[in-house]
S.K.: 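Got a structure for you, questions after.
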Amino acid sequence: MEIPSKYSPNETEDRIYAMWLEKKVFKSLPNDKPAYTIVIPPPNVTGVLHMGHMLNNTIQDLLIRRARMRGFNACWVPGTDHASIATEAKVVQKLRKEGIKKSDLSRDAFMEHAWEWTHKHGGIILDQLKKLGASCDWDRTRFTMDPKYYESVIDCFIDLHKKGKIYRGERMINWDPAALTALSDEEVIHKEIQSKLYFLKYQIEGTTEFLTVATTRPETILGDTAVCVNPKDERYTHLHGKKVIVPLVNRAVPVIADEYVEIEFGTGCLKVTPAHDQNDFMLGEKYQLEVINMMNADGTISEAGGMYVGQERFAVRDQIAKDLDAAGLLAKTEEHLNKVGYSERTDVVIEPRLSLQWFVDMKDLSKPALENVMNDTIRFFPPKFKNSYRNWMENIKDWCISRQLWWGHRIPAFYAPDGSFEVAKNIEDAVAQFQAKGASWSAADLKQDDDVLDTWFSSWLWPISVFDGFYSKEELDYYYPTADLVTAPEIMFFWVARMIVAGYEYVGNFPFKNVYYTGIVRDKQGRKMSKSLGNSPDPIELMQQFGADGVRVGMLLSSPAGNDLPFDESLCEQGRNFANKIWNAFRLVKSWEEKIDASLEQPESSAIAVKWMNNRFEQVLAEMEDGYDKFRISEVLMQTYKLIWDDFCAWYLEMAKPSYGKGIDSKTYNDTLDIFQNLLKVLHPFMPFLTEEMWQHMDSWKNESEMICISNWPAAKTFDANIQKEFEEFEQLVTEVRNVRKKQNLPNKEALVVSFMKTANRNSSFDAAFKHLCNITELNEVSEKMSPSFSFMVNGVEYFIPYTASVDVEAEQAKMKEELSYLEGFLKSVEAKLSNERFVQNAPAAVLEGERKKQSDALSKIAAIKEQLG
RNA sequence: GGGAGUUUAGCUCAGCUGGUUCAGAGCAUCUGCCUUACAAGCAGAGGGUCACUGGUUCGAACCCAGUAAUUCCCA
């Protein structure tokens, strides 16, 4: 069979993936084996694959594939998130393009559109993950709005409400005036904005004096109900208890004194607008101030504002500044840098708004979640994230979970006409609950809460609900807690922390053992990849260009946990080249199949090569296992890369390769296949398609296991560090000979004679391989130095290769002199150290010995060069 | 304003308990090769004031203090 010299992933990958699916190798059901479970961070149901997903899912696939090969019952649960606000925004946008306004639709009609959209776009991302090679158990695909999942979210709400952990209250929340919904603190992005500080003049009642107040939001004077100064501020002591007139509005409001006010900021006077600022609200409660809600939900001025009614908030800001100025009530304006909150989804400025919302009381719920991360019951990689986790958890605030949206889990609260309500699973239960309390409302009287729950209020149950854990313990007991969670640090608070909270509350145990935080994928200029910048490559195109394996390697080559990944297509190219390298190694070994000569004994050079390569494999395997334990994924990949490219291809295969036209002995051939097989196994998690394709081409491998993805991970064996030391000596020797060949322009075809100075310490293990690799006919021991000849020292032994006619003797001598002066300098520094009494007294024996060896090596090299120079 | 990081070769990063793993890797670069697996390759080579300033130590990329640059999180 002819195998092409270039590996073409496009022809291979779909075929291999189809085989895996057909053989159901990713399927997991509880059995006798230990479980190894990962739940996917569910992408938005209508999302498309971006580079962040690629990184994230490559890592998950790598972990799950390795676990599968190590004999675990590996279960990777895929699924999607309904992404309440994000999806609803997309649907609203789509309807708008069709000329339909959301406000013109009934809730049911809107939901129909939303489901239609979900069915049309949902699941695309999961198909894209298949291209990547993701070995999910697709039969388990979950969606956060699946009927059973939906039910678990509602039951969770009801349960927490019963426990008194969920309450309804009027609070200052973050209001998105574009999406017309409340947002959690985590959905607000603070940006530093150059804005203006307006200095407004408030007349002191009954005088002609004015008090100047600085504000960034002059339009909110419409809602002013007090002015506050610091009690320690002597400038204003005389005003305590007085009243001032709000400019333009002409309302008299009290001057109150509270430590909250910063004396240094602005004029030291603060206007208090309890309905439109978090801190003002607090002051309002403390001093029982009137609350004037002067803004509508959409950010326009309300009737209560009394002026500018119906106008947009920022237009009013400009207008009111002009009007104040015209009235002589604007003292001045200053440029001012301040932080303004923006909606994560709609990017409009958030309004603090007073409204009735549902909250989860997080104080007690969060305690076990904090404790068990701090004591490493749940481990974070990298651990530095424990700090910010603790910071957040120690200052945790109640979680606003209601959203004024339709797409999501509708809050199970039913209101009676008198305003009382019951939290219940359905309207019948609600009626019964009312009746139990003596209120005889019928179903027709009741109205369910219009709002839905925050998306994260469903995804925080993900590791439980994907196993139907609220209704059956069977799968939960087997798969939970899961092994690893792979996610972005950005959603540590949104999601990771809350899953831990829910885990302890509902299962009494952590949801995952390890959390691996990936970095953010950035472009070459260090910018975050985003749609608006257009700097994100299309993952599907990348995979077409470099193969899924190439892209996987590219993603993992430089992504230590928690570090950002500066992405560059050339990394994928490196991955593709690596695939091709292995492919060609395979072609070589495959070609030996027909060259096996049973009459041949295994040559000594091959025997040592096999011995070394096996030993080397064990050594690197041990390093790799250690790397995996520490989640140092890119290091493990690099170790694998070098093991295959350098050790196996560049050294082993060259040593084991028969001379041109010669056959190969069957022992070397079989040994090579065994080595190759192990290499493919440890490579498989990184490059699943390539390794599976090669596996399928080799019958003897298929005898062990039908597919590499379900073969057995190599068991670690002991290794001998000495063999590696001897090899490194041999490596140096080969390099020296190659250099001599190069200097003399001697091709490898021309055989050489090499001599070495007689010594007791020389190790000859690799001599056969040395002769084979460097085409050396004779390796002679001599007792006198040869001249004229090239000479070099390897581990204290001096080697000689006679000059040929073409050598530039003077240039050679100049080089030797240079080397000599370097060595003499080096020797000096070593001797200086050794003559330092305090060093000799304090340094440990091993270090001292090392220095003495440096000294003696340098001395002998110097002697050799001097002799050579004559 | 509070907190957490980062700074080592042109680029991306290792460097774990202060000392032979100590200045390293991959990529890129340069030189020579289409050598019978692979030019998506092979062989060889060059490249660093470990951000800066001080300190501790026989000894510092590593520990301490300060400075600068930079990233992120929280308010």
Side-chain angles (χ1 to χ4, degrees), chain A residues 3-8 185-186 188 190 262 265 278-279 339 341 382-392 394-395 397 489-490 492-493 519-520 522 524 526 528 546-547 550 553-554 557-560 562-568 570-571 573-592 626-627 630 632 634-635 637-639 641-642 645-646 649-650 653-654 657-662 734-743 745 747-749 775 832-854 857:
Chain A
I3 306 178
S5 73
K6 300 254 188 296
Y7 170 64
S8 43
D185 291 343
E186 288 72 32
V188 178
H190 293 271
E262 268 179 63
F265 184 83
Q278 182 73 56
N279 297 306
K339 291 276 183 91
K384 68 176 179 186
F385 286 115
K386 282 166 74 178
N387 281 327
S388 34
Y389 180 84
R390 183 180 58 203
N391 223 306
W392 191 74
E394 282 177 349
N395 300 296
K397 302 211 180 75
E490 304 164 306
M492 181 161 70
F493 307 130
I520 296 165
R522 295 176 180 278
K524 268 189 261 185
K528 206 168 160 172
F546 300 107
V553 167
L557 269 173
S558 81
S559 56
N563 269 27
D564 286 358
L565 171 85
F567 183 78
D568 189 335
S570 68
L571 292 168
E573 196 180 331
Q574 195 182 344
R576 179 203 60 181
N577 292 354
F578 184 41
N580 199 52
K581 181 73 187 177
I582 302 160
W583 184 250
N584 277 290
F586 183 69
R587 285 177 66 218
L588 174 68
V589 174
K590 191 83 179 143
S591 75
W592 292 350
D626 182 55
K630 294 172 179 154
R632 291 167 168 246
S634 48
E635 268 178 45
L637 172 57
M638 190 43 72
Q639 281 159 341
Y641 181 92
K642 287 194 280 189
W645 198 310
D646 298 342
C649 294
L653 288 179
E654 292 303 326
K657 199 189 222 171
S659 306
Y660 182 59
K662 301 271 171 59
V734 172
T735 302
E736 293 284 4
V737 172
R738 281 173 177 163
N739 271 329
V740 170
R741 278 190 182 278
K742 195 165 190 183
K743 276 185 218 161
N745 230 339
N748 206 44
K749 273 181 211 158
N775 192 14
K833 229 184 210 180
L834 284 169
S835 61
N836 181 341
E837 263 177 54
R838 289 205 282 179
F839 171 74
V840 177
Q841 272 168 20
N842 293 312
V847 175
L848 256 178
E849 202 182 314
E851 291 299 316
R852 294 219 167 93
K853 183 161 188 319
K854 275 188 202 168
D857 281 358

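Labels below follow one simple rule: chain letters A, B, ... track the order of the sequence lines, proteins then strands, and each chain is numbered from 1.
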S.K.: Let's test your reading of the model: under 3.5 Å, does the base of B/U35 pair with the side chain of A/Lys749 as donor and acceptor?
M.R.: no
S.K.: Using a cut-off of less than 4.0 Å, is there contact between a side-chain N or O of A/Trp583 and OP1 or OP2 of B/G41?
M.R.: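 Indeed not, no polar side-chain atom of A/Trp583 lies that close.
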S.K.: For a quick test of reading the model: is some side-chain N or O of A/Lys742 closer than 4.0 Å to OP1 or OP2 of B/U31?
M.R.: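 A/Lys742 to B/U31 OP1/OP2: no side-chain N or O under 4.0 Å.
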S.K.: Please state how far atom CD in A/Glu573 lies from atom P in B/A39, giving the value in whole angstrom units.
M.R.: 15 Å
S.K.: Quick one, A/Asn775 and A/Arg741 - any side-chain contact, counting heavy atoms below 4.5 Å?
M.R.: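 A side-chain contact under 4.5 Å exists here.
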S.K.: Would you indicate what A/Arg632 reaches in the nucleic acid, counting non-hydrogen atoms under 4.0 angstrom: base, sugar-phosphate, or nothing?
M.R.: sugar-phosphate
S.K.: Using Watson-Crick or G-U wobble geometry with both distances under 3.5 Å, which nucleotide pairs with B/C72?
M.R.: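 Pairing partner, where one exists within any strand: B/G3.
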S.K.: Using a cut-off of strictly less than 4.0 Å, decide whether A/Asn739 has a side-chain nitrogen or oxygen near OP1 or OP2 of B/A45.
M.R.: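 Affirmative; the distance criterion is met.
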S.K.: Check whether any side-chain N or O of A/Tyr389 sits under 4.0 Å from OP1 or OP2 of B/C73, and answer yes or no.
M.R.: no
S.K.: Would one find a side-chain N or O of A/Thr735 under 4.0 angstrom from OP1 or OP2 of B/G44?
M.R.: yes
S.K.: Categorize A/Phe578 for me: base, sugar-phosphate, or nothing, with a 4.0 angstrom heavy-atom threshold over every strand shown.
M.R.: nothing
S.K.: If I compare all heavy atoms of A/Phe493 with all of A/Tyr389, which pair ends up nearest, and what's the gap?
M.R.: CE2-CA, 4.1 Å
S.K.: Any side-chain N or O of A/Asn580 under 4.0 Å from OP1/OP2 of B/G41?
M.R.: no
S.K.: Using the C1' atom in both, what is the distance from B/G24 to B/U8, to the nearest Å?
M.R.: 10 Å
S.K.: Hunt down the Watson-Crick or G-U wobble partner of B/U29, both distances under 3.5 Å, from any strand shown, or write none.
M.R.: B/A45
S.K.: Under 4.0 Å, heavy atoms only, any strand: does A/Trp592 hit a base, just the sugar-phosphate, or nothing?
M.R.: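 Here A/Trp592 touches no strand at all.
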S.K.: Looking at the side chain of A/Lys581, which of B/A25, B/A14, B/C38 is the nearest nucleotide?
M.R.: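 Nucleotide nearest to A/Lys581's side chain: B/C38.
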S.K.: With a 4.5 Å limit on heavy-atom distance, are the side chains of A/Lys6 and A/Asn580 in contact?
M.R.: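 Result yes, sub-4.5 Å side-chain heavy-atom pair found.
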S.K.: Given B/A40, is OP1 or OP2 found less than 4.0 Å from the side-chain N or O atoms of A/Arg576?
M.R.: no
S.K.: Please evaluate the base of B/A28 for a donor-acceptor partner in the side chain of A/Gln574 within a cut-off of under 3.5 Å?
M.R.: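 When only heavy-atom distances are counted, A/Gln574 does not reach the base of B/A28 through any donor-acceptor pair under 3.5 Å.
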S.K.: When you compare B/A25 with B/G48, how far apart are their P atoms, in angstrom units rounded to a whole number?
M.R.: 14 Å
S.K.: Can you tell me if the side-chain N/O atoms of A/Lys657 get under 4.0 Å from OP1 or OP2 in B/U36?
M.R.: no
